[in-house]
Novice: 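Have a look at this one before I ask anything.
Only heavy atoms go into these numbers, but all of them, side chains included; no hydrogens, no water, no symmetry mates.
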Amino acid sequence: MTAVGGGFEDPSAEVLSQAAAAFGLLASSARLHIVWALAQGESDVTGLAERVGGALPAVSQHLTKLKLAGLVGSRREGRRQVYFVDDADVVTVVRLLVGRLTDRAAPADVPAPRLRGL
C-alpha cells in the first residue's frame with residue numbers, strides 16, 4: 001500500500017483488481033440475491049431457484065461463477081450439492097449495503113421533525 005494524503009493508503013493494483021472482480025460478480029441482481037439467500041443459510045440449487053425465482057439452469061450457472069470466484073463454496077450431502085457463502089467478509093458487505101438501501105427505501109412511518117424557523 002502507498003500512503004497518500006489524509007493518512008489513508010492506496011491498496012495494491014492486485015487487491016483493487018480482486019475487489020473489482022468481486023463487485024463485478026455482485027453487480028448482477030440475480031447473483032446478489034443468491035449471495036443474500038446463502039448469507040441466511042445453506043441451500044441446494046433447487047431451494048435457491050425457488051427462493052430467488054430463477055430457472056434452475058440459470059441459478060446453477062450463477063453459482064458456478066460465484067464458486068469460481070471463491071465467494072461461494074459447496075459440499076456434497078448424499079446426492080445433493082449444498083451451497084454456502086465461503087467468505088464472511090462478503091456476507092458483511094452485502095448485508096450492510098442491502099440493509100442500508102432497504103432502510104432508505106422504507107416508507108417513513110413517523111413524520112419528519114419540523115425545522116424551527118420554517
Novice: When rounded to the nearest 0.5 angstrom, what is the spacing between CD in Glu77 and CD in Glu42?
Specialist: 6.5 Å
Novice: Is there a chain of hydrophobic side chains (I, L, V, M, F, W, Y, each step under 4.5 Å between heavy atoms) that links Leu56 to Val72?
Specialist: yes
Novice: Could you tell me whether Lys65 atom NZ has more than 12 heavy atoms of other residues or ligands within 6.0 Å of it?
Specialist: no
Novice: How far does CD of Gln81 sit from OG1 of Thr46, to the nearest 0.5 angstrom?
Specialist: 12.0 Å
Novice: Answer with yes or no whether the hydrophobic clustering places Val15 together with Leu25; edges join I, L, V, M, F, W, Y residues whose side-chain heavy atoms lie under 4.5 Å apart.
Specialist: no
Novice: Write down the atom of Ser28, the atom of His62, and the distance for their closest heavy-atom approach.
Specialist: OG-CE1, 4.1 Å
Novice: Surrounding CZ of Arg76 (heavy atoms of other residues, nucleotides or ligands, distance under 6.0 Å), is the total greater than 12?
Specialist: yes
Novice: Judged by atom type as modelled, is there a donor-acceptor pair below 3.5 Å linking the side chain of Arg51 to the main-chain atoms of Ile34?
Specialist: no
Novice: Within this structure, what is the CG-CG distance for the pair Asp86 and Leu38, rounded to the nearest 0.5 Å?
Specialist: 11.0 Å
Novice: Which distance, rounded to the nearest 0.5 Å, do you find between the OG of Ser29 and the CH2 of Trp36?
Specialist: 14.5 Å
Novice: Can you see which heavy atom on Val59 is nearest to which on Ala49, and at what distance?
Specialist: CG2-CA, 3.8 Å
Novice: Could you check whether any side-chain N or O of Ser17 sits under 3.5 Å from a backbone N or O of Ala13, counting only pairs where one atom can act as donor and the other as acceptor?
Specialist: no
Novice: Once rounded to the nearest 0.5 Å, what's the spacing between atom OH of Tyr83 and atom OG of Ser43?
Specialist: 10.0 Å
Novice: Would Leu32 and Val93 show up in the same hydrophobic cluster when neighbours are defined by side-chain heavy atoms closer than 4.5 Å?
Specialist: no
Novice: Distance-only, no hydrogens or angles: does the Thr102 side chain make a donor-acceptor pair with backbone N or O of Val98 under 3.5 Å?
Specialist: yes
Novice: Got a second to check how far Phe84's CZ is from Lys67's NZ, nearest 0.5 Å?
Specialist: 8.0 Å
Novice: So which of Leu71, Val91, Val94 actually passes side-chain contact (heavy atoms from CB on, under 4.5 Å) with Val85?
Specialist: Val91
Novice: Taking CD in Glu14 as the centre, count heavy atoms belonging to other residues, nucleotides or ligands within less than 6.0 Å. Is the count above 12?
Specialist: no
